[in-house]
Amino acid sequence: MNAKRTDKIATGILYGVAALVVIILLALLGFILIEGVPKISWHFLTAPALAFEAGGGIGIQLFNSFYLLFLALLISLPISLGAGIYLNEYAPQNTVTSLIRTTIEILSSLPSVVVGLFGYLFFVVQFKLGFSILSGAFALTVFNLPILTRSIEEALANISDSQREAGYALGLSRWETVTKIVVPAALPSIITGIVLSAGRIFGEAAALIYTAGQSAPALDFSDWNPFNISSPLSPLRPAETLAVHIWKINSEGIMPDAKAVSAGSSAVLIIAVLLFNFLARWLGKRLYKHLTAE
Amino acid sequence: MSTILTTENLHLFYGKNEALKGINMSFEKTGITALIGPSGCGKSTFLRCLNRMNDLIPNVTITGNVQFHDTNIYAPTTDTVQLRKEIGMVFQQPNPFPFSIYENVVYGLRLAGVRDKEKLDAAVEKSLKQAAIWDEVKDRLHVNALALSGGQQQRVCIARVLAVEPEIILLDEATSALDPVSSHQIETTLLNLRHDYTIITVTHNMQQASRISDRTAFFLNGELIEVNDTKQIFMNPAKQETNDYISGRFG
């Protein structure tokens, strides 16, 4: 009787806590979307920002966010994949590898503003890259590397050892077992990890303020030569991203419609991150089905 | 009968712990040999020595000889990749890759560089027929192997081994995770294969050993106590320990 009652109370409390979390989350999301979605229009998504007048858009910021995301993943993915494979498939269990693991853990809990300041001193000042897309991409790599490495390592660790044994018993070498069996089998969760980390990168502001800069100079979208400074592809131009833009207009925005621009930008950012999450689930499921069944 | 595989004074140490204490045994071409004995007696360890699967475990030291045809498989020049194509292995837990049945069976061939679709198709049909599962899966070869039942998965694993045309097949308690009906199907499969392959199977199931094997070896505490024709071992064992074990006095 007593145990039963305790169980009921505990269940009730747990339901309450879960409901609280969901309510807070929905309220937050709802507020941002209700405030922001009416401000979104095709003009808003494509027009350049205006500093002193109303009616500016976020076209360049949006492009910068995606371009930085692309570059950051381009740099961090091969490194993370290699590190994850090494740690899970090759590394012996000794002090050196446990030191590597501890380092990765510390790095992954580093506040992003610290990563930003490090990036400023290291990439912007020391390597003279200036406030540029490249500096931002490197800072994002530092920010992303530990988390992506761990998620890849975990994805590989979830593949049962009997799969590896099956590979060896068929006469596969260790490298073949890793590349032809373990990685394909882990691919759905690796992809999910990549897309989720893309969401984090996309919304990151603090690591970029001092590295990719806070200005979005006008771009010439007819010039795709990455060596021209006004080309959208130029990696050496400063590039304010969407998340940085939100921070900036809220701290020092002087355009008359700053509030509206901020709300619209926030909604776009949230929607993009949500899309990344849904994409991750969909892609992971789809890939798993594709790899495992018809 | 010619001998295909011989072990001479085979010792294996896990660290300092001696798990195999000098095994001398030979296997003839074709036929089924069952390795029996209580848990921890070294029979699985011995089986894994025969295709060098123990190499993958850290802290293992192996001394002695394992002669396969004319070569010592522990010679430094041995290509373990090639060796394991000639000596295939089936495990306790069915472990198909999370790909289609077809892809599972042709995996070894693809890696060996076979591209010809007709050849692959033919190998799939032949191997699945040999493993006695063709009729059950011929209409859904491109379905995920993980969607099959445990017994079917295990037969797909056997087909996967057969596809690379090994000479010897090692089975490490291959039926112990399966229900009696599936076990029986695997036994029938093995009986059909015994004329063409050397089959060495570790089993805890003594009825199974007596039903399917031609020869039986009894292991105890890392030593080979007795090896003989299966009938002899079960009807008239030479050693007291063997008699005690098969009559169920221990183990």
Side-chain angles (χ1 to χ4, degrees), chain A residues 85-98 100-101 152 154-193 281 283-294, chain B residues 47-48 50-59 79-112 140-148 153 156-157 160-166 169-172 177:
Chain A
I85 288 175
Y86 171 75
L87 283 173
N88 196 58
E89 305 291 328
Y90 284 85
Q93 297 294 335
N94 58 26
T95 39
V96 177
T97 46
S98 79
I100 295 177
R101 284 211 173 81
I152 290 176
E154 249 165 53
L156 297 175
N158 277 334
I159 302 303
S160 129
D161 269 342
S162 76
Q163 293 281 313
R164 295 181 182 84
E165 275 193 323
Y168 297 134
L170 267 191
L172 273 65
S173 66
R174 171 129 78 165
W175 178 242
E176 285 174 323
T177 305
V178 169
T179 53
K180 307 229 157 101
I181 294 170
V182 180
V183 171
L187 200 58
S189 36
I190 292 178
I191 299 276
T192 310
R281 285 191 178 194
L283 213 57
K285 266 192 198 155
R286 188 65 207 268
L287 262 170
Y288 187 75
K289 258 199 181 156
H290 178 75
L291 280 171
T292 55
E294 175 71 327
Chain B
L47 190 79
R48 287 166 161 264
L50 302 180
N51 68 344
R52 292 189 57 170
M53 286 298 274
N54 285 329
D55 290 16
L56 303 166
I57 303 166
N59 280 324
D79 176 2
T80 51
V81 169
Q82 189 54 38
L83 175 76
R84 294 191 191 125
K85 278 179 185 150
E86 283 158 5
I87 308 182
M89 190 165 206
V90 180
F91 297 85
Q92 179 172 4
Q93 289 295 334
N95 55 359
F97 301 132
F99 311 129
S100 72
I101 297 169
Y102 185 96
E103 283 306 319
N104 264 280
V105 178
V106 300
Y107 217 87
L109 292 174
R110 275 207 209 279
L111 288 167
R140 43 178 181 150
L141 291 176
H142 296 286
V143 162
N144 180 3
L146 293 176
L148 300 174
Q153 289 186 10
V156 168
C157 291
R160 182 173 67 188
V161 169
L162 292 174
V164 294
E165 302 188 329
I169 302 169
L170 309 175
L171 297 113
D172 191 358

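Chain naming here is simple, since letters A, B, ... match the order of the sequence lines and numbering starts at 1 in each. Computed from heavy atoms alone, side chains included, the values below leave out hydrogens, waters and symmetry copies.
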Inset, instruction - Could you tell me the separation between the CZ atom of B/F97 and the CD1 atom of A/I159, rounded to the nearest 0.5 Å? - result: 12.0 Å
Inset, instruction - Heavy atoms only: give me the nearest B/M89-A/A169 pair and the separation to one decimal. - result: CB-CB, 3.9 Å
Inset, instruction - State whether the side chain of B/N95 and the backbone N or O of A/Q163 hold a donor-acceptor pair below 3.5 Å, judged by distance alone. - result: no
Legend entry - Flag if over 12 foreign heavy atoms under 6.0 Å of CG, B/N59: no
Inset, instruction - Working to the nearest 0.5 Å, report the span between CG of A/L172 and NZ of B/K85. - result: 7.5 Å
Inset, instruction - Using a 4.5 Å cut-off on heavy atoms from C-beta on, say whether the side chain of A/P184 contacts that of B/F99. - result: yes
Inset, instruction - Would you give the length of the straight line joining atom CD of A/E165 to atom CG of B/D172, rounded to the nearest 0.5 angstrom? - result: 8.5 Å
Inset, instruction - Calculate, to the nearest 0.5 Å, the distance between atoms CG and CD1 belonging to B/L111 and A/I181 respectively. - result: 7.0 Å
Inset, instruction - Could you tell me whether A/E176 atom CD has more than 12 heavy atoms of other residues or ligands within 6.0 Å of it? - result: yes
Inset, instruction - Measure B/R110 against the heavy atoms of chain A and call it side chain, backbone, both or neither at under 4.5 Å. - result: neither
Legend entry - Distance in Å, B/R160 CZ paired with A/L170 CG, rounded so as to fall on 0.5 Å steps: 5.0 Å
Legend entry - Among B/A147, B/P96, B/G108, residue most engaged with chain A (heavy-atom pairs, under 4.5 Å): B/P96
Inset, instruction - Could you grab the distance from atom OH of A/Y168 to atom OG1 of B/T80, nearest 0.5 Å is fine? - result: 10.5 Å
